[in-house]
Structures are given as C-alpha cells and as structure tokens.
Amino acid sequence: MGRPRTTPAVPGRTHAVPGRTHAEGPLTAAVASGTAELRPDRDRPHAWELRLDGAPQSLVDLADPTHLGFAYQRRIGHLIDLAAPARQPLTALHLGGGALTLARYTAATRPRSRQQVAEIDTELTALVRTELPLDRSWQVKVRGGDARAVLERTPDDSTDLVVADVFAGARVPAHCATVEFARHAARALTGTGHYAANLTDGGPLSFARAQTATLLAVFPEVCLIADPAVLRGKRFGNLVLLAAHTPLPLTDLTRRLATDPAQARLLHGRDLTDFTAGAAPATDSTAVPSPAPPPKTFT
C-alpha cells in the first residue's frame with residue numbers, strides 16, 4: 001500500500017493534508033471481510049468514501065474530520081455534540097471501525113478524548129491507516145477483535161460513549177443485536193453515558209422493531225431517528241437508536257435534526273412503543289442478522 005502521501009497545502013491552512021490524493025485515483029484492495037474500495041468524493045477535494053463489497057461504509061474528509069457526509073453519521077454526531085459541554089473530552093468505545101469517521105469527529109471536536117475502536121478486520125484497519133491516516137495527536141487505539149468480545153472486556157462504568165456500528169458485509173450480525181449485548185453496553189457506560197447504534201432495515205422493519213424492543217428492555221431512555229420514508233417502509237435505509245441511563249437531550253436533538261439536509265423523524269415515549277408493534281426483544285437464543293439490502297440498493 002506504500003507510505004502515506006502529503007497533498008499540496010490548502011489555502012488558509014498552515015500545513016499540508018496527509019494521505020491519499022485524488023490525483024492517485026480510486027483504490028481497490030482485498031481485505032479479510034471482502035473487497036474494499038476507496039472512492040474520491042467529487043464534491044470535496046480531500047474526501048474519500050470507503051465501500052466494502054459495494055456497500056458504503058464510511059466517508060472521510062482528510063482536510064476536515066468534522067465533516068459527516070452520511071446522514072446516519074450526522075445523527076450520531078449530534079449525540080456526540082450533546083453528550084457533554086462543548087470540547088469536553090470523552091472516553092469513547094466504537095464497535096466497528098470502517099474508516100474511523102466518528103472517532104475522527106470525536107477527536108477533532110473534543111480534544112484529548114480517549115477512544116478505543118474494535119475492528120475485526122485488521123487488513124482493513126491497515127489500509128485505512130496507510131491511505132487515510134489519523135492525526136498523530138489523537139488518542140485513538142484501534143484493536144483487532146470481535147466487537148462483542150471487546151465490549152464484554154470493557155470495565156464497568158468506564159465509558160462515556162459507546163457507538164455500535166457493527167456490520168458483517170452489509171448486515172448487522174446477530175450476536176451484536178441482543179439484550180445480552182445491550183446489557184454489556186449499559187454496564188460499560190458511566191451513569192451519564194450514552195449509547196448509539198446504527199442499523200439498516202426496510203419493508204416491515206421487523207429487525208428495527210425488535211432492536212427497539214431490545215434496547216427498551218435494557219435502558220430507561222431510548223429514542224429512534226430515521227428518514228420518514230424508511231419509517232414508512234418505503235425505502236431500505238439506516239435507523240439510529242440512542243439510549244442512556246438518564247434523559248436524552250431530545251429537544252436539542254430535534255432542533256439539530258431539523259437543520260440537516262436529510263429529513264429525519266425522532267420517535268420517543270409512546271410513539272416509540274407504538275413503533276415496536278409488540279415485537280419481542282432479541283436474545284442470544286433468538287436473534288437474527290439484519291436483512292440483506294435489496295438488489296441495486298447501492299448502485
């Protein structure tokens with residue numbers, strides 16, 4: 001994969017932008033979990049999209065780590081912004097690494113944060129570190145290992161933020177979508193900590209309803225954020241679940257969502273209970289992976 005490159009200095013910046021340049025073009029590489037692609041973003045001269053077997057995984061702007069190009073990442077980014085006073089460091093655990101977009105965002109917006117990332121595909125991590133390098137001042141440790149195994153080893157009451165963005169291919173694996181998994185996250189969080197989970201679903205939303213019921217069985221505070229078309233079953237897409245031991249910042253979340261380019265609805269309380277439609281929480285003995293995306297979802 002070669003050494004990290006340095007792009008020409010950007011006007012207004014005092015240093016060059018390290019990493020792969022658009023002049024080098026897209027990159028395809030075999031990694032443990034499939035075929036990874038790095039595609040230049042047409043609208044941002046230092047941004048790259050990571051895809052695995054054709055499914056979008058991450059979008060990273062090497063010149064601006066605060067840029068969150070995917071709607072689901074912006075929704076989790078709002079929670080990161082509201083999880084503590086501005087620029088206050090957090091202790092964060094990211095389950096699922098990809099191109100480390102949300103770890104970069106946390107490091108840039110909350111300096112001195114201590115972050116751990118669990119990414120089972122060490123070949124993917126090596127690719128990302130080489131082509132889309134992290135700022136050396138950031139305290140981000142990427143550990144090769146299964147997300148649930150890393151979560152189970154996390155000490156009690158030790159983490160301000162747990163982000164579950166775990167996918168095997170384009171599907172959330174069953175063992176990372178259960179009551180037992182959620183209990184480990186709840187145990188690892190501090191009393192004022194927050195949990196965020198990204199998942200995908202469509203049609204009758206059976207998986208999303210069961211995941212909502214799963215978190216409601218563990219956490220006293222839960223909300224769901226998604227595109228209205230996804231909630232109506234008209235389109236396959238991402239849904240974000242947020243949970244905490246204490247009340248969520250619903251008013252501020254709603255206000256921020258209203259300013260996003262993509263439409264979003266936030267469900268909480270009775271609306272969220274109604275959304276579950278009587279679905280049973282998923283357990284280690286009953287859980288299934290999230291559904292595969294329909295053909296041509298990512299074309």
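Scope of the values below: all heavy atoms of this structure, side chains included, with no hydrogens, waters or symmetry mates.
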Expected output: side-chain Arg143 to main-chain Val117 donor-acceptor under 3.5 Å: no

Where Glu119 and Gly97 come nearest, the two heavy atoms and their spacing: OE1-N, 2.8 Å

Connected via hydrophobic side-chain network under 4.5 Å: Phe181 and Val150: yes

Worked check of side-chain contact (heavy atoms from CB on, under 4.5 Å) between Leu50 and Val60: CA-CA 8 Å; Leu50 169 66; Val60 167; over 6 Å; no

Closest contact, heavy atoms only, Leu102 versus Ile80: CD2-CD1, 4.2 Å

Side chain Trp48, main chain Glu131, donor-acceptor under 3.5 Å: no

Ser33 backbone acceptor or donor facing Asp121 side chain under 3.5 Å: yes

Neighbour count >12 (heavy atoms, 6.0 Å) for atom CD, Gln263: no

Any donor-acceptor N/O pair, Arg110 side chain to Pro85 backbone, under 3.5 Å: yes

Inter-residue atom distance Asp41.CG - Leu62.CG, 0.5 Å rounding: 11.0 Å

Those residues that, when tested against Arg187, pass side chain to side chain donor-acceptor pair (under 3.5 Å) (two or more places apart): Asp156, His184

Pairs touching residues 201-240 that satisfy ring-ring contact (aromatic ring centres under 6.0 Å, His included), sequence neighbours left out: Tyr195-Phe219, Phe219-His245

Gap between atom CG of Leu127 and atom CG of Leu27 - 0.5 Å precision: 6.0 Å

Short side-chain to backbone donor-acceptor contact, Thr214 and Ala282, under 3.5 Å: yes

Separation between CG of Leu253 and CG of Leu79, rounded to the nearest 0.5 Å: 6.5 Å

In one Ile/Leu/Val/Met/Phe/Trp/Tyr side-chain cluster, 4.5 Å: Leu272, Leu231: yes

CA sep, side-chain torsions, deciding dist, call: Asp165, His94, side-chain contact (heavy atoms from CB on, under 4.5 Å): CA-CA 7 Å; Asp165 192 8; His94 301 266; over 6 Å; no

Salt-bridge present (Arg256, Asp260; N to O < 4.0 Å): no

side-chain contact (heavy atoms from CB on, under 4.5 Å) between His175 and Asp284, worked out: CA-CA 6 Å; His175 74 294; Asp284 282 349; 5.6 Å; no

Listed once per pair and sorted, the ring-ring contact (aromatic ring centres under 6.0 Å, His included) pairs that draw on residues 62-83, sequence neighbours left out: none

side-chain contact (heavy atoms from CB on, under 4.5 Å) assessment of Leu59 paired with Thr101: CA-CA 7 Å; Leu59 183 67; Thr101 305; 5.5 Å; no

Reference residue Val172; test side chain to side chain contact (heavy atoms under 4.5 Å, CB included); the match among Leu199, Asp201, Val288: Leu199

Under 3.5 Å: donor-acceptor pair, side chain of Glu123, backbone of Ala32: yes

I'd like a table of donor-acceptor pairs (distance under 3.5 Å, sequence neighbours excluded) in which one partner is a side-chain atom from residues 132-140, with atom names and distances.
residue : atom : partner : partner atom : Å
Asp135  : OD1  : Ser137  : N            : 2.8
Asp135  : OD1  : Ser137  : OG           : 2.7

Side chains of Pro173 and Val166 in contact at under 4.5 Å (non-hydrogen atoms): yes

Nearest non-hydrogen partners of Leu90 and Ala83, listed with the distance: CD1-CB, 4.2 Å

Between CG on residue Leu266 and CG on residue Leu242, distance to nearest 0.5 Å: 7.5 Å

Side chains of Leu95 and Cys176 in contact at under 4.5 Å (non-hydrogen atoms): no

Under 3.5 Å donor-acceptor, Thr276 side chain and Ala279 backbone: no

Stepwise salt bridge (Lys or Arg N to Asp or Glu O under 4.0 Å) check, Glu37 with Arg51: CA-CA 5 Å; Glu37 300 174 78; Arg51 291 190 169 215; 5.9 Å; no

Any donor-acceptor N/O pair, Arg265 side chain to Ala226 backbone, under 3.5 Å: no

Nearest heavy atoms of Arg44 and His22, plus distance in Å: O-CE1, 3.1 Å

Minimal non-hydrogen separation, Ala147 against Ala118, with atom names: CA-CB, 4.2 Å

By side chain to side chain donor-acceptor pair (under 3.5 Å) - contacts of His194 (at least two apart): none

hydrophobic_cluster_shared for Leu38 and Val142, side chain cutoff 4.5 Å: yes

Would you give me the side-chain donor-acceptor pairs under 3.5 Å for residues 157-164, sequence neighbours excluded?
residue : atom : partner : partner atom : Å
Ser158  : OG   : Pro155  : O            : 2.7
Asp160  : OD2  : Thr91   : N            : 2.8

ILVMFWY cluster, Leu189 and Leu215 together (side-chain gap under 4.5 Å): yes

Side chains of Arg114 and Pro89 in contact at under 4.5 Å (non-hydrogen atoms): no

Minimum-distance pair of heavy atoms, taken over all atoms of Pro18 and Ala16: CD-O, 3.5 Å

Rounded distance (nearest 0.5 Å) linking atom CZ of Phe275 with atom CG of Leu205: 5.0 Å

Arg104 side chain vs Ala99 backbone, donor-acceptor pair below 3.5 Å: yes

Minimum side-chain heavy-atom gap Gln57-Leu124 below 4.5 Å: no

Inter-residue atom distance Glu152.CD - Arg183.CZ, 0.5 Å rounding: 13.0 Å

Distance-only donor-acceptor check, side chains His268 and Glu221, under 3.5 Å: yes

Arg235 side-chain N/O to Pro228 backbone N/O, donor-acceptor pair under 3.5 Å: no

Cluster link Val218 to Leu216, ILVMFWY, side chain under 4.5 Å: yes

